[in-house]
Structure formats: structure tokens, C-alpha cells
Protein chains: 2
Amino acid sequence: MNTEILKEKQLRATPFRKKVLEVFLNNEHAISAQDIEEALGKFDRITLYRTIKAFIKNGVIHEIAMPGEVKRMALCDPVCNHDDGLHEHNHVHFQCRKCDEVYCVEVEELPDIRLKGFKVEEVEVQAKGICQNCR
Amino acid sequence: MNTEILKEKQLRATPFRKKVLEVFLNNEHAISAQDIEEALGKFDRITLYRTIKAFIKNGVIHEIAMPGEVKRMALCDPVCNHDDGLHEHNHVHFQCRKCDEVYCVEVEELPDIRLKGFKVEEVEVQAKGICQNCR
DNA sequence: TTCATAATTGCAATATTGTTGCATTTAGTT
DNA sequence: AACTAAATGCAACAATATTGCAATTATGAA
């Protein structure tokens with residue numbers, strides 16, 4: 001199963017990559033490199049970083065950067081319009097103020113932002129509030 | 001002048017802080033810690049990090065995090081609704097695909113995002129495209 | 001203006017995060 | 001089964017960030 005996902009994205013299905021992908025599939029929220037390290041029994045940190053880079057480049061996962069937070073990553077939408085590390089999703093990144101978890105939440109469509117003098121080509125939205133589980 | 005800004009934000013106006021603030025005032029786009037280091041002649045890196053932390057906490061500057069980019073920082077809006085490191089601005093973070101610079105661009109109001117099951121309390125928008133200078 | 005004091009600085013040491021080069025191993029193909 | 005490009009694992013290293021502590025300094029009060 002993981003194997004298919006990797007091959008679809010032009011990545012060799014090695015045991016290490018399958019295990020890392022497994023970690024993502026086991027979480028419904030975004031995770032950090034540290035989360036992955038903890039989930040893997042034994043591992044080589046360098047290989048992990050390289051795996052993450054390959055996953056991002058090939059559209060398996062995308063990064064989520066929030067001020068004051070560690071970098072997190074989450075699986076791409078199946079329809080992720082990625083081009084060599086460039087991702088385009090139709091979801092909002094939402095962080096819960098209670099549990100701190102970050103979720104990718106689907107939306108009908110992203111807002112249409114217009115900025116005088118600037119040509120806007122892509123928009124990403126980050127929201128904060130209270131998540132389903134914490135209400 | 002820098003002195004007043006710092007005092008307004010309940011920070012002691014030390015020479016170091018004034019110099020760092022100066023760097024922000026001299027740039028119309030967001031800058032990284034490295035940019036500041038290069039702009040300062042001699043400096044102590046630890047003090048710089050602590051200065052940055054203090055500036056963020058007291059609402060002088062805010063962080064801008066973008067996937068795959070170094071962390072950047074920019075001056076807060078004068079009306080920045082900050083509370084111990086929590087910032088609330090009425091602008092969009094825009095990165096130019098040509099020059100890579102990041103700008104804080106004022107908007108009338110941020111979009112109203114609704115997510116089923118989630119209580120949205122704050123929204124931040126990051127956009128990409130072509131900036132004024134590069135068109 | 002001087003003093004007292006809490007805040008800030010600067011240094012040493014250390015932690016965290018991420019990268020590069022290279023020899024070895026392995027997945028996917030022929 | 002064999003070949004080959006890709007991936008791994010190790011060592012070394014670079015960049016980024018933090019903590020504790022002694023010395024210094026900005027600021028408000030005397």
C-alpha cells in the first residue's frame with residue numbers, strides 16, 4: 001500500500017521510506033521531524049532528512065511553517081499539484097490553541113486576495129482557534 | 001526616535017537594541033537573522049537572539065515563517081494587537097517569486113474563513129506572486 | 001546629580017537542526 | 001541472476017539557537 005504511494009510519486013519503495021510514510025499515515029495531524037524520530041525505532045538522522053526532502057520534492061508531503069513553531073509536515077492532498085517541491089493544495093492549515101496540533105482542513109476554495117501593485121498567483125491560509133476534539 | 005519606539009513597547013533603549021531596530025527601519029521588506037548580522041558591524045550573536053525574542057514578545061517585530069524559507073521578521077503595524085508574543089496584524093505576507101523578498105502588504109480586511117467543526121479565531125494569509133518592483 | 005537595582009549584555013559551554021562527501025548496499029530492471 | 005542508478009549509513013562538519021553566570025548599564029528614586 002505504502003509502496004504504491006511511493007511509486008506513484010516516482011520514489012523507490014525502500015523499507016525506510018515505507019516506515020516514514022507509515023508514520024504520516026498514522027497521524028491525522030501534521031508532525032515534526034522530531035515526531036518521526038520518536039516514532040521510528042532505530043534510524044539514521046541523515047537518511048531521515050534526505051527522505052523528508054525527497055518526499056517534499058516529489059509531492060508526498062508538504063511543509064507547514066508557523067511563526068514560533070517547529071516546522072511540521074503533512075501528507076499532500078491526492079490531487080497535490082506539485083512541481084519539484086512546489087505544492088498547491090486546497091486546504092487551510094489550522095492550529096488549535098488548546099492542543100497545539102496542526103491540521104490540514106479542506107475548504108471549498110481559498111479566498112481571492114487582491115493586493116494593489118502586486119500580482120498574486122498563489123495563496124496559503126493559516127488559521128488558529130479551537131479544533132473539533134477540544135471544543 | 002528608535003528610543004521612543006522601544007520605550008512604548010516597555011523595552012529599555014540600549015545601544016544594541018537601537019541598532020537592531022535601525023536595521024528594521026532601514027528595510028521595507030522582511031529580513032532574516034542573518035540579514036541583521038550582516039548589517040551590524042560587530043555584534044554578539046546571543047544578544048541578538050535575545051533581542052529578537054524581546055522584540056517579538058513586546059510587539060516590536062513579528063516572525064514570518066514560510067515553507068522552505070529561512071525565518072524572517074518585520075516591524076509590527078503600529079496598531080499591532082500583541083499580547084506576550086501573540087500578534088495580530090491586518091496585512092498579508094507576500095513573497096515575490098522573482099526577487100524572493102517578503103513584504104507585509106496592508107489589506108482592508110482579512111478573509112472570513114469558516115471551517116466545519118473548527119472555531120476559527122485568527123487568520124493569517126501568505127501569498128506569492130510578483131511584487132511591484134519586479135513587474 | 002548620584003545611587004540602587006533590576007534588566008541587559010557578553011562569554012563559555014552546549015544543544016539542536018541540518019548538510020556534505022564517500023563507500024557500501026539495495027531496488028528495480030534487463 | 002546480474003547490472004546499475006538510487007538510496008543508505010557513517011563520519012565530519014556547519015548553521016542555528018539556548019542556558020548559566022558574572023559584569024555592565026539604563027532607568028527611576030533619593
Side-chain angles (χ1 to χ4, degrees), chain A residues 1-24 30-73 84-85, chain B residues 1-24 30-73 84-85:
Chain A
M1 199 268 166
N2 304 9
T3 305
E4 286 89 70
I5 297 180
L6 291 170
K7 294 209 169 164
E8 264 170 37
K9 308 288 185 169
Q10 333 286 347
L11 288 169
R12 285 197 180 178
T14 67
F16 191 92
R17 285 179 177 169
K18 282 193 265 184
K19 258 189 281 176
V20 174
L21 182 52
E22 192 73 33
V23 181
F24 281 100
I31 57 180
S32 66
Q34 222 193 349
D35 292 333
I36 303 174
E37 293 187 14
E38 281 163 19
L40 298 171
K42 66 138 189 38
F43 72 98
D44 177 63
R45 184 198 299 283
I46 293 110
T47 305
L48 176 56
Y49 282 121
R50 281 196 276 227
T51 299
I52 289 173
K53 272 201 170 179
F55 279 15
I56 293 173
K57 188 176 177 203
N58 288 33
V60 180
I61 61 172
H62 61 282
E63 270 186 47
I64 304 171
M66 291 186 160
E69 304 281 326
V70 292
K71 231 181 278 181
R72 287 167 223 240
M73 295 154 283
D84 212 49
Chain B
M1 197 267 164
N2 304 9
T3 305
E4 286 89 70
I5 297 181
L6 292 170
K7 294 211 169 164
E8 264 170 37
K9 307 288 186 169
Q10 333 286 347
L11 287 170
R12 285 196 182 177
T14 66
F16 191 92
R17 285 179 177 166
K18 282 193 264 183
K19 256 188 283 178
V20 174
L21 182 51
E22 192 73 32
V23 180
F24 281 101
I31 56 180
S32 66
Q34 222 192 351
D35 292 332
I36 302 174
E37 293 187 13
E38 281 164 18
L40 297 172
K42 65 138 188 39
F43 72 98
D44 178 63
R45 185 197 297 283
I46 294 113
T47 305
L48 176 56
Y49 283 124
R50 282 196 276 227
T51 299
I52 289 172
K53 272 201 172 178
F55 278 15
I56 292 173
K57 188 175 175 204
N58 288 34
V60 180
I61 61 173
H62 61 282
E63 270 186 46
I64 304 171
M66 292 188 160
E69 303 282 325
V70 293
K71 230 181 279 181
R72 288 166 224 240
M73 295 153 284
D84 212 49

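Here the structure is a predicted model, which means the values were calculated and not measured. To find a chain, count down the sequence lines: A is the first, B the second, and so on, and within it residues start at 1.
- Under the 4.5 Å side-chain criterion, counting only non-hydrogen atoms from C-beta, Arg45(A) is in contact with Glu37(A).
- Look at CG on Leu11(B): it is 13 Å from P on dG28(D), rounded to the nearest Å.
- Set against dG28(C), dG9(D), dA17(D), the side chain of Phe16(A) has dG9(D) as its closest nucleotide.
- OP1 or OP2 of dT8(C) sits under 4.0 Å from a side-chain N or O of Arg17(B).
- Distances shorter than 4.0 Å separate none of the side-chain N or O atoms of Tyr49(A) from OP1 or OP2 on dT19(C).
- Residue Ala54(B) is classed as having no contact, given no heavy-atom separation below 4.0 Å to the nucleic acid.
- Considering NZ of Lys19(A) and CD of Glu22(A), their distance stands at 10.5 Å, rounded to 0.5 Å.
- A donor-acceptor contact under 3.5 Å links the side chain of Arg50(A) to the base of dG9(D).
- Among the atoms of the strands shown, only primed sugar atoms or phosphate atoms (P, OP1, OP2) are found under 4.0 Å from some heavy atom of Thr14(A).
- Heavy-atom distances to DNA chain D give each of Arg12(B) and Lys53(B) a nearest nucleotide, and the one nearer the 5′ end belongs to Lys53(B).
- With a 4.5 Å cut-off on side-chain heavy atoms, Ile56(A) and Glu63(A) count as touching.
- In this structure, Lys7(A) reaches the dG28(C) phosphate: one of its side-chain N or O atoms is under 4.0 Å from OP1 or OP2.
- For Asp44(A) and dA23(C), the CG to C1' distance is 14 Å, given to the nearest whole Å.
- Among the heavy atoms of the strands, none lies under 4.0 Å from Lys18(A).
- In this structure, the CZ atom of Phe43(B) is 14 Å from the C1' atom of dC11(C), given to the nearest Å.
- Rounded to an integer number of Å, the gap from CD of Gln10(A) to P of dA5(D) is 18 Å.
- OP1 and OP2 of dT16(D) both lie 4.0 Å or more from every side-chain N or O belonging to Lys71(B).
- Look at CG on Leu48(B): it is 16 Å from P on dA15(D), rounded to the nearest Å.
- A distance of 9.5 Å separates CG of Leu6(A) from CD of Glu8(A), quoted to the nearest 0.5 Å.
- No engagement by Lys42(A) is indicated, since no non-hydrogen atom pair under 4.0 Å with the nucleic acid exists.
- Sequence order on DNA chain C of the closest nucleotides to Pro15(B) and Ile46(B) puts Pro15(B) first from the 5' end.
- Rounded to a whole Å, the NZ atom of Lys19(B) is 14 Å from the C1' atom of dT8(C).
- Side-chain atoms of Ile36(A) and Ile31(A), non-hydrogen and from C-beta on, do get closer than 4.5 Å to each other.
- Nearer the 5' end of DNA chain D, as judged by each residue's closest nucleotide, is the contact made by Ala33(B), out of Thr3(B) and Ala33(B).
- No donor-acceptor pair closer than 3.5 Å links the side chain of Lys71(B) to the backbone N or O of Ala65(B).
- dT27(D) atom C1' lies 17 Å from atom CD of Glu8(B), rounded to whole Å.
- Whole-Å rounding puts the Arg45(B) CZ to dT8(C) P distance at 22 Å.
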